Amino acid sequence: MSKLAVIDLGTNVINVLVGVVDQETYTILYEEKITRAMVQHPLYGMHISLEEQGNIVATLVAIKRKLDIDGVRCIVAKATSFLRDAPNAAEIIEAIRLETDIQVEVISGIEEATLIYHGINSCFTLTDAHGLIIDIGGGSVECIIFNHFEPLWERSFELGIRRVAAQFAYSDPITPPQVALLENYYRTALAPLFLATNRYRPSQLIGSSGAFRTLLMLYKCHYNFLPIQTKNSSIKRVSAEQFFNIYHVIQTTPVHIWQKQLPIEPVFLKLIPLSAILIKVILTTCKLKEIIISDTSLRTGLFIREWGRLKQERLI
């Protein structure tokens, strides 16, 4: 059996997923999320500073060292919006290659959405209805409408939460006029999505990013229990009513209160109201009654795709 590692260099997090693969099956060994290497401020400009470059390269060196110790020989690395939009991305990619021999490929927003779909599809079975996947990143938001056979519509929007934070000044806690301003902004920017949802009428919202999992943490912290569990441990269900309950708490609670109770970086806590408003706009505009929160995302879809490639090329 061979070991495969995939690395997802996102705006907020570097995700690493490692598994054992052969021609018949695969087994996930471990996953790792690294946040401190990435930019710790709103994306006012897409140029990546020398300090940030050094942090990213040093993190990849540490990842490669661990993968070497674990005997991983096949390593695939993809970068999304953070490097996609950075004017100095090429020099960062070259620095990573020189230090680690890992070749990072920058993927398009559509490919990112496709990989997210495949990750969700690996653990979630849709029935006859259509579903809507939303992945909220720091640099972009990926939206996929799908049925139980295939994706029907995909789009990447430059509405990543750090981009939005750089464009809009907001208080802590956020004020009602600021909420209204952001709601209008999201509704206008997501007009193509809402045209597509009017056509396909998705009945379920599937959230696949850390923003949705953070909602679960906040819900458990405030109400002292998790929303509805499912037989699949990687899936959680949150009703629209439950979402709006925690939404109100988020919009009226200062960051320092959450900081005392949750092991979440302050930079991420500060962004939570923005992602909550985005989710609210999508839920209400599309008239959805439930959010299904999945632990799988781009990294899972990338792992499955690379496993298929290795099988097809008879490399395992």
Side-chain angles (χ1 to χ4, degrees), residues 3-19 28-43 46-70 72 74-86 88-109 111-112 115-116 119 135-142 156 160-163 208-214 263-269 271 275 295-306:
K3 290 183 179 179
L4 166 66
V6 297
I7 302 171
D8 164 23
L9 284 84
T11 304
N12 292 334
V13 180
I14 296 178
N15 289 290
V16 183
L17 189 155
V18 179
I28 301 300
L29 297 177
Y30 64 86
E31 298 184 47
E32 187 175 3
K33 295 176 183 290
I34 303 158
T35 59
R36 289 193 177 274
M38 307 314 283
V39 179
Q40 297 294 304
H41 54 70
L43 297 179
M46 299 311 297
H47 188 276
I48 301 169
S49 72
L50 286 174
E51 180 185 358
E52 292 160 352
Q53 291 180 46
N55 290 340
I56 293 168
V57 173
T59 300
L60 267 293
V61 168
I63 290 170
K64 179 60 161 55
R65 188 180 300 121
K66 185 177 190 303
L67 293 177
D68 287 343
I69 293 171
D70 292 341
V72 180
C74 182
I75 303 171
V76 178
K78 307 291 183 184
T80 56
S81 178
F82 183 54
L83 286 182
R84 192 159 62 226
D85 300 326
N88 57 336
E91 61 189 71
I92 299 170
I93 291 170
E94 179 62 10
I96 292 171
R97 186 190 66 79
L98 289 173
E99 293 290 335
T100 66
D101 204 32
I102 294 174
Q103 183 62 57
V104 177
E105 179 191 357
V106 179
I107 61 175
S108 69
E111 184 176 358
E112 185 177 352
L115 290 172
I116 292 166
D135 188 289
I136 303 171
S140 63
V141 173
E142 274 61 53
S156 178
I161 296 307
R162 290 197 174 176
R163 285 187 195 269
S208 68
S209 57
F212 289 94
R213 291 186 288 276
T214 300
I264 300 176
E265 296 283 346
V267 64
F268 295 133
L269 289 172
L271 299 171
S275 57
D295 287 341
T296 59
S297 188
L298 186 151
R299 63 191 181 278
T300 310
L302 178 58
F303 185 92
I304 292 169
R305 188 178 76 176
E306 290 303 312

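Here the structure is a predicted model, which is why all the values come from computation and not from measurement.
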Separation of [Y] [atom2] from [X] [atom1] (nearest 0.5 Å):
X    : Y    : atom1 : atom2 : answer
I161 : L271 : CD1   : CG    : 7.0 Å
F268 : T35  : CZ    : OG1   : 5.0 Å
L115 : L298 : CG    : CG    : 5.0 Å
I28  : L4   : CD1   : CG    : 8.0 Å
R299 : S208 : CZ    : OG    : 9.0 Å
D70  : R65  : CG    : CZ    : 13.0 Å

Take R305 and E111, measure what salt bridge (charged side-chain N to carboxylate O under 4.0 Å, His left out) needs, and give me the verdict at the end. CA-CA 12 Å; R305 188 178 76 176; E111 184 176 358; 2.9 Å; yes

Pairs touching residues 4-17 that satisfy salt bridge (Lys or Arg N to Asp or Glu O under 4.0 Å), sequence neighbours left out: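 Residue pairs passing salt bridge (Lys or Arg N to Asp or Glu O under 4.0 Å), neighbours aside: none found.
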
Non-hydrogen side-chain atoms of [X] and [Y] separated by less than 4.5 Å:
X   : Y   : value
E31 : V16 : no
K3  : L29 : yes
I75 : K64 : yes

Would you call D101 and R97 a salt bridge, using N to O less than 4.0 angstrom?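 No, D101 and R97 are not salt-bridged.
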
Might you point out which heavy atoms bring S140 and R84 nearest each other, and give the distance in Å?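 Closest approach of S140 to R84, heavy atoms only: OG-NH2, 3.5 Å.
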
For G10 and T80, which heavy atoms make the closest approach, and how far apart are they?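 Smallest heavy-atom distance, with atoms named: CA-OG1, 3.6 Å.
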
Does the pair Q103 and E94 meet the rule for a side-chain contact (heavy atoms from CB on, under 4.5 Å), with working shown? CA-CA 8 Å; Q103 183 62 57; E94 179 62 10; 5.7 Å; no

Given side-chain contact (heavy atoms from CB on, under 4.5 Å), test V72 with D68 step by step and report yes or no. CA-CA 6 Å; V72 180; D68 287 343; over 6 Å; no

Do you know which of I304, T300, L17 makes side-chain contact (heavy atoms from CB on, under 4.5 Å) with V6?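 Testing each of I304, T300, L17 against V6, the sole residue satisfying side-chain contact (heavy atoms from CB on, under 4.5 Å) is L17.
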
Looking at V76, L60, V18, I34, which one forms a side-chain contact (heavy atoms from CB on, under 4.5 Å) with I7?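 The residue from V76, L60, V18, I34 that satisfies side-chain contact (heavy atoms from CB on, under 4.5 Å) with I7 turns out to be L60.
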
D135 versus S297, side-chain donor and acceptor atoms under 3.5 Å: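 Judged by distance alone, the side chains do pair up.
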
Do side-chain atoms of [X] reach the backbone of [Y] as a donor and acceptor pair under 3.5 angstrom?
X   : Y    : value
Q53 : I48  : yes
E52 : S49  : yes
K78 : V106 : no

Quick one: do I136 and F212 satisfy side-chain contact (heavy atoms from CB on, under 4.5 Å)? Show the steps, please. CA-CA 8 Å; I136 303 171; F212 289 94; 3.9 Å; yes

Taking ring-ring contact (aromatic ring centres under 6.0 Å, His included) as the test, write out the residues that go with F303, two or more places apart.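 Scan of F303 (ring-ring contact (aromatic ring centres under 6.0 Å, His included), adjacent residues dropped) gives Y26.
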
